[in-house]
Amino acid sequence: MVPFQNVFVGEDLICPRRVHLFYFEDNFIVILVPVSATLATMDDFLSEDKTTFIVEEVSKIIKDSVETVIGENSYKHGRVNQWTTSVVEQCLIQLSKLDKPFKFIVNCIIMQKNGAGLQTASTCFWDNATDGSCTVRWENDTMYVIISIFGLAI
Amino acid sequence: MLTGMEEYTSGDDGNFNTDETSVLVKECIEGVIGGTDYNHNKVNQWTANIVEHSLTHLVKQGRPFKYIVNCTIMQKSGAGLHTASSCYWDTTTDGSCTVRWENRTMYCVVSVFAVAM
C-alpha cells in the first residue's frame with residue numbers, strides 16, 4: 001500500500017460528517033471531517049506542519065549546533081565570542097533551511113562555571129496560535145550554554 | 001501641504017525606536033532592582049517583574065509590533081558571561097534593543113526584540 005493512502009471515504013450516518021480512512025505503517029487512521037471539507041490526501045493535514053512552530057524540530061537544531069560548535073571544549077575567554085556567534089549562525093542557517101514562513105530570533109548565553117548565580121526570563125507579546133519558542137540548556141564540565149529561539153509567523 | 005514638524009515625525013510609528021525603548025527599559029530595571037543587592041531568593045521574582053513591566057509599557061505604546069523581552073541577571077563573582085543574538089527578519093521594520101545595567105553585586109542584561117505585524 002502507498003503510505004498515507006486514503007483507503008476509504010464514507011459517511012457517518014449518526015452525525016453528518018465524512019469518514020476518511022488512511023493507512024500508514026501498519027496502522028489505520030480514521031479522520032472525521034465536516035461534510036463541507038474537501039480532503040484528498042493526508043498532505044492536507046500534514047501541511048499544518050509547514051506553518052506552525054514545532055518545538056521538537058527546533059530543539060534538535062539547537063542541540064546539534066551546540067555539539068558541533070562547542071562539544072567538549074573548555075571555557076576559554078578568548079574563544080567565547082566566536083562560539084556564541086557560530087552557534088547562533090548555525091542555528092539560523094538550519095532554521096532558514098526549514099523554509100517556513102517565519103521570522104526567527106536566536107539568543108545564546110554562555111557562562112563559565114564558577115558558582116555564580118544566573119537567572120534569565122523572557123516574555124512575549126505575539127499570536128499564541130502561530131508563534132512559539134524553544135529554550136535549550138546545555139552544559140559541559142566548564143560552562144553552561146542557554147539558547148533560546150523565538151519563531152514569529154509572518 | 002506642510003502644516004508643521006509633526007508631518008515628519010509621524011513616519012516612525014511603523015519602525016522600531018531604539019532610543020525610546022532603551023529609556024523605557026532602563027526605567028523598568030531601576031524600578032525593580034535599583035538599590036538592591038543580589039539575593040538568590042528574589043532573583044526569580046525580579047526577572048519576571050522586569051520583563052512584565054517592560055512588556056506592559058511597550059504594548060501601551062499601541063504600535064503594530066509583536067514583542068519579545070528577555071532579561072538575564074547574573075551575580076558578580078568573577079565568572080565570564082557572553083551573550084549573542086541573531087535575527088532572521090525584515091531589517092527595514094523590525095529591530096532590537098539591548099540594555100546592560102549593573103550595580104555593586106550584579107549585572108542585568110535586557111533585550112527587546114520587536115517584529116512588525
Side-chain angles (χ1 to χ4, degrees), chain A residues 65 75-98 100 102-128 130-131 133 135 142-154, chain B residues 33 38-56 58-61 63 65-91 93-96 98 105-117:
Chain A
S65 301
Y75 182 90
K76 262 196 202 71
H77 178 75
R79 293 197 64 189
V80 175
N81 216 351
Q82 184 193 330
W83 286 337
T84 45
T85 313
S86 297
V87 168
V88 294
E89 260 179 52
Q90 277 287 351
C91 286
L92 218 48
I93 290 169
Q94 297 303 320
L95 286 167
S96 55
K97 276 195 197 149
L98 293 177
K100 288 188 175 175
F102 276 92
K103 293 181 179 180
F104 293 106
I105 293 162
V106 183
N107 198 39
C108 169
I109 298 174
I110 296 182
M111 185 175 90
Q112 188 179 18
K113 276 188 177 180
N114 91 339
L118 177 80
Q119 186 79 17
T120 100
S122 304
T123 190
C124 312
F125 180 72
W126 60 22
D127 182 346
N128 281 332
T130 54
D131 307 331
S133 73
T135 302
T142 53
M143 55 183 154
Y144 294 107
V145 180
I146 300 171
I147 297 171
S148 301
I149 293 186
F150 303 92
L152 299 111
I154 296 176
Chain B
I33 53 177
Y38 183 87
N39 184 334
H40 176 74
N41 298 320
K42 292 202 177 149
V43 171
N44 215 350
Q45 191 189 325
W46 288 338
T47 47
N49 286 343
I50 290 172
V51 293
E52 259 181 62
H53 291 173
S54 303
L55 194 62
T56 309
L58 284 166
V59 171
K60 257 194 217 158
Q61 290 176 342
R63 300 211 176 120
F65 280 102
K66 292 180 179 179
Y67 296 103
I68 292 163
V69 183
N70 196 40
C71 169
T72 302
I73 294 182
M74 185 174 91
Q75 188 180 21
K76 274 190 176 177
S77 78
L81 177 78
H82 256 263
T83 86
S85 309
S86 188
C87 310
Y88 181 73
W89 60 21
D90 182 343
T91 50
T93 55
D94 306 331
S96 72
T98 302
T105 54
M106 55 185 163
Y107 295 105
C108 178
V109 181
V110 177
S111 297
V112 176
F113 301 93
V115 175
M117 285 204 257

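So that the names make sense, note that chain A is the first sequence line, chain B the second, and so on, each numbered from 1.
Among the candidates S96(A), S122(A), G115(A), the residue making the largest number of heavy-atom pairs closer than 4.5 Å to chain B is S122(A). Note: T72(B) leads N44(B), T72(B), I50(B), V110(B) in heavy-atom pairs under 4.5 Å with chain A. Ranked by non-hydrogen atom pairs under 4.5 Å with chain B, the options V80(A), I110(A), T85(A) are led by I110(A). When each of T83(B), L58(B), I73(B) is scored by its heavy-atom pairs under 4.5 Å with chain A, the top score falls to I73(B). The most heavy-atom pairs under 4.5 Å with chain B, out of T84(A), N81(A), T123(A), come from T123(A).
With a threshold of 4.5 angstrom between heavy atoms, D94(B) approaches chain A through side-chain atoms but not through N, CA, C or O. When heavy atoms are compared at a cutoff of 4.5 Å, H82(B) approaches chain A by way of both its backbone and its side chain. Only the side chain of D131(A) comes within less than 4.5 Å of a heavy atom in chain B; its backbone stays farther off. Contact annotation for F102(A): only backbone heavy atoms (N, CA, C, O) come within less than 4.5 Å of a heavy atom of chain B. Of the atoms belonging to Y107(B), not a single heavy atom falls under 4.5 Å from chain A. Proximity to chain A (any heavy atom under 4.5 Å) is restricted, for V59(B), to the side chain, taken from C-beta onward. For chain A, the nearby parts of I68(B) are the backbone and the side chain; heavy atoms of each come within less than 4.5 Å.
A116(A) approaches S77(B) most closely through the heavy-atom pair CB-OG, 3.1 Å. Summarising the geometry of A121(A) relative to V51(B), their closest heavy-atom pair is O-CG1, 3.6 Å, with the distance given to 0.1 Å. Taking every heavy atom of both residues into account, V88(A) and A84(B) meet most closely at CG1-O, 3.9 Å. Taking all atoms of both residues into account, the shortest heavy-atom contact from A79(B) to N114(A) is CB-OD1, 3.2 Å. Looking at every heavy atom in both residues, L92(A) comes nearest to Y88(B) through CD1-CB, 3.8 Å.
Rounded to the nearest 0.5 Å, atoms CD (Q90(A)) and OG (S86(B)) are 11.5 Å apart. Taking SG from C124(A) and CZ from F113(B), the interatomic distance works out to 10.0 Å, rounded to the nearest 0.5 Å.
Within residues 146-154 of chain A, the residues approaching chain B closer than 4.5 Å by heavy atoms are, in numerical order, F150(A), L152(A), A153(A).
At a threshold of 4.5 Å between non-hydrogen side-chain atoms, the residues T120(A) and T47(B) do not count as touching. With contacts defined as side-chain heavy-atom distances shorter than 4.5 Å, the pair I105(A)/N70(B) does not qualify.
Ring geometry for F125(A) versus Y67(B): interplanar angle of 30 to 60°, hence tilted.
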